[in-house]
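Notes follow the structure.
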Amino acid sequence: MENLMVIGGATASGKSAVAVALARKIGGEVISCDSMQLYRGMDIGTATPTIEEMAGVQHHLLNVSDPAMDHLSAPEYREMALKVISQVKARGNIPILCGGTGLYIDALTKPRGFSVKGDDALRAELLKLDKQALHEKLASIDSAAAARLNVNDTRRVIRALEVFFLSGKTLTEHIQADAGRPGDYEGLLFALNWPRETLYARIDARVDEMMAAGLLDEVRFLRASGVPRDATAMQAIGYKELLAHLAGEEPLEMAVNRIKQSTRRYAKRQLTWFRGDSRTHWLDACEQNVDKIVEEIQMIWKKREEACKFSCPK
RNA sequence: GCCUUGGUAGCUCAGCUGGUAGAGCAGUAGACUGAAAAUCUACGUGUCGGUGGUUCAACUCCGCCCCGAGGCA
């Protein structure tokens, strides 16, 4: 299986700059792995790299779908990414995945089928039942999944039920089947590590920068162009809070504070995710500059490529 | 200087006719197979401002001191 370089980690940790520097050095192209940068018109709030920041490096999967119409998910991302990756390679360049959406990274680097398409009508139907009943229903068809899932995690309980109703096989059976097949790529994960306090300070500062850069106008424009408040894209941090403010539900200052706080919590969840992934190589970002980090990545990458050549010769 | 009032968890505050304290928020850790920037779970010891006294026992009552807020001079 081929290696795929992935720069993950928390939001505001400086992934993009590292990805660009790395790409310039090794002849790479960056493929975004961010569930929200996928949507158009959300550049400021999702910290999509600007043209200057891209510094001539080709970027992919940014601004590719309609926030009003689309609700993308992991398998759709996977499909798009697989296509882009093979195009990059056909050009003789090295694909560099960069982004903080852990599930999407796994979609490409772990055996995950996502084989049963969701059904909104069925979900709506199930949502009429109370959570207790849903959980009991799940226990009767897929006890392992029921044991794994909390009663209150209605979203996952419904998905587990949906998988069974639509495919005749339980979620647990799907997972077992997936475990037996290879992923698309062998992920080589990197994440930038900061002292928590520093990371949080960077987040707060970046939110202020976003506001100064016109995030409120960006949200206004999206609203004016008919993006519904309950669109998947509008669940993004920064957007849902400012939408609430624009709807007269809270003063701006409070909304901005909530954006900072949710971003901090989000970063924390991302750290939990990458910490739990034994593939992650943590790179100390605090005292090192981008060039040094890039060097470190190159070293690990080289070692991995050689090990791979040795252990799995074609 | 005098009077009033407050000082309890990182923050805002509750509490006890005396039996060494608890909420919200913040924070921390975790889960994650088609919404993932989403969704969900678990976690509450702190010189109760300081110091002396009364008491078997003081965060609670009393004295003095320190700090904050308001008022009167």
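Note on naming: letters A, B, ... go to the chains in the order of the sequence lines (proteins, then strands), and numbering restarts at 1 for each one.
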Provide, to the nearest angstrom, the distance between the CZ atom belonging to R269(A) and the C1' atom belonging to rG27(B). 15 Å
Rounded to whole Å, how long is the line connecting atom CZ of F165(A) with atom P of rG34(B)? 16 Å
For atom P, what is the distance between rG10(B) and rU28(B), given to the nearest Å? 15 Å
Side chain of T101(A) only, please: which of rG27(B), rA37(B), rU39(B) is the nearest? rA37(B)
Under a 3.5 Å cut-off for both contacts, is rU45(B) paired Watson-Crick or G-U wobble with anything, and if yes, with which nucleotide? none
Classify the nucleic acid contact of Y239(A) as base, sugar-phosphate or nothing, counting any heavy atom under 4.0 Å across all strands shown. nothing
Scan every strand shown for a Watson-Crick or G-U wobble partner of rA31(B), both distances under 3.5 Å, and answer none if you come up empty. rU39(B)
What contact category does D34(A) fall into here, base, sugar-phosphate, or nothing, at under 4.0 angstrom with non-hydrogen atoms? base
Classify S115(A) by what it touches in the nucleic acid, base, sugar-phosphate, or nothing, heavy-atom distance under 4.0 Å. base
Assign G276(A) to base, sugar-phosphate, or nothing according to its heavy-atom contacts below 4.0 angstrom with the strands shown. nothing
Which comes earlier along RNA chain B counting from the 5' end, the contact point of Q261(A) or that of S73(A), where each point is its nearest nucleotide? Q261(A)
With both distances kept under 3.5 Å, what pairs with rG70(B), Watson-Crick or G-U wobble? rC3(B)
In whole Å, what separates the C1' atom of rU55(B) from that of rG19(B)? 12 Å
Testing H59(A), R91(A), Q58(A) for side chain to side chain donor-acceptor pair (under 3.5 Å) with E29(A), which one passes? R91(A)
Please report the distance, rounded to the nearest Å, between CG in D70(A) and C1' in rA35(B). 13 Å
Write down the partner of rC11(B) under the Watson-Crick or G-U wobble criteria, each distance required to be under 3.5 Å. rG24(B)
Base, sugar-phosphate, or nothing: which does Y200(A) touch, judged by heavy atoms less than 4.0 Å apart? sugar-phosphate
Atom-pair distance (CG on L215(A); P on rA37(B)), nearest Å: 17 Å
Of all the nucleotides listed (rA37(B), rC40(B), rC32(B)), which has the minimum atom distance to the side chain of N150(A)? rC40(B)
Under 4.0 Å between any heavy atoms, over every strand shown, what does D178(A) touch: base, sugar-phosphate, or nothing? Just pick one. base
D142(A) vs R148(A), salt bridge (charged side-chain N to carboxylate O under 4.0 Å, His left out): CA-CA, chis, key distance, verdict: CA-CA 10 Å; D142(A) 185 352; R148(A) 217 167 45 232; 5.4 Å; no
Heavy atoms only, 4.0 Å cut-off, all strands: where does R264(A) land among base, sugar-phosphate and nothing? sugar-phosphate
Whom does rU17(B) pair with, Watson-Crick or G-U wobble, provided both distances fall under 3.5 Å? none
Tell me if the side-chain of E76(A) makes a donor-acceptor pair with the base of rG34(B), cut-off 3.5 Å, by modelled atom types. yes
Looking across every strand, which nucleic acid part, if any, lies under 4.0 Å from L149(A) by heavy atom: base, sugar-phosphate, or nothing? nothing
Taking only the C1' atom of each, what is the distance from rG1(B) to rA57(B) in whole angstrom? 39 Å
Between R159(A) and E162(A), does any NZ, NE, NH1 or NH2 come within less than 4.0 Å of an OD or OE carboxylate oxygen? yes
Electrostatic pair K110(A):D178(A) at N-O distance under 4.0 angstrom: no
Name the nucleic acid region contacted by T263(A), choosing base, sugar-phosphate or nothing; use a 4.0 angstrom heavy-atom cut-off, strictly under. nothing
If you measure from the Lys or Arg side-chain nitrogens to the Asp or Glu carboxylate oxygens, is any gap between R279(A) and D106(A) under 4.0 Å? yes
Tell me: CZ of R112(A) to P of rA36(B), nearest whole Å? 15 Å
For rU41(B), take OP1 and OP2 only and decide whether either is under 4.0 Å from a side-chain N or O of N152(A). yes
Starting from C1' on rC40(B), measure out to CZ on R159(A) and report it in whole angstrom. 17 Å
Main-chain N/O of S35(A) paired to T101(A) side chain as donor or acceptor, under 3.5 Å: yes
Whole-angstrom distance between rA23(B) and rG15(B), as gauged at atom C1': 10 Å
Check every strand shown and say whether T232(A) touches a base, only sugar-phosphate, or nothing at a heavy-atom separation below 4.0 Å. sugar-phosphate
Would you mind reading off the distance between R265(A) atom CZ and rG30(B) atom C1', rounded to a whole angstrom? 15 Å
For H71(A), I'd like to know if atom NE2 has over 12 heavy atoms of other residues, nucleotides or ligands within 6.0 Å. no
Regarding rA36(B), can its base be found pairing with the side chain of R156(A) as donor and acceptor, where the two atoms are less than 3.5 Å apart? yes
What verdict does the side-chain hydrogen bond (donor to acceptor under 3.5 Å, both in side chains) test give for T232(A) and Q235(A), after you've listed the backbone C-alpha separation in whole Å, the side-chain angles of each residue and the deciding distance to 0.1 Å? CA-CA 5 Å; T232(A) 298; Q235(A) 304 317 303; over 6 Å; no
Select base, sugar-phosphate, or nothing to describe what K268(A) touches, counting heavy atoms under 4.0 Å on all strands. base
Residue mapping more 5' on RNA chain B - nearest nucleotide basis, R196(A) or Q37(A): R196(A)
Which nucleotide in the set rU41(B), rG30(B), rA37(B) lies at the smallest distance from any side-chain heavy atom of T272(A)? rG30(B)
Distance check, C1' atoms only: rG6(B) and rC59(B), in whole angstrom units. 15 Å
Could you tell me how far apart E162(A) (CD) and rA35(B) (C1') are, to the nearest whole angstrom? 11 Å
What interatomic distance, in whole Å, is found between C1' of rG30(B) and the corresponding atom of rU12(B)? 28 Å
Paired with rC61(B) by Watson-Crick or G-U wobble geometry, both distances under 3.5 Å: which nucleotide is it? rG53(B)
If I pick the C1' atom on rG49(B) and the same atom on rC43(B), what distance separates them, to the nearest angstrom? 29 Å
Please say which of T48(A), D43(A), T46(A) ends up in a side chain to side chain donor-acceptor pair (under 3.5 Å) with N63(A). D43(A)
Gap in Å between the two P atoms, one belonging to rU60(B) and one to rC48(B), rounded: 10 Å
Contact class for R148(A) (heavy atom, under 4.0 Å): base, sugar-phosphate, or nothing? nothing
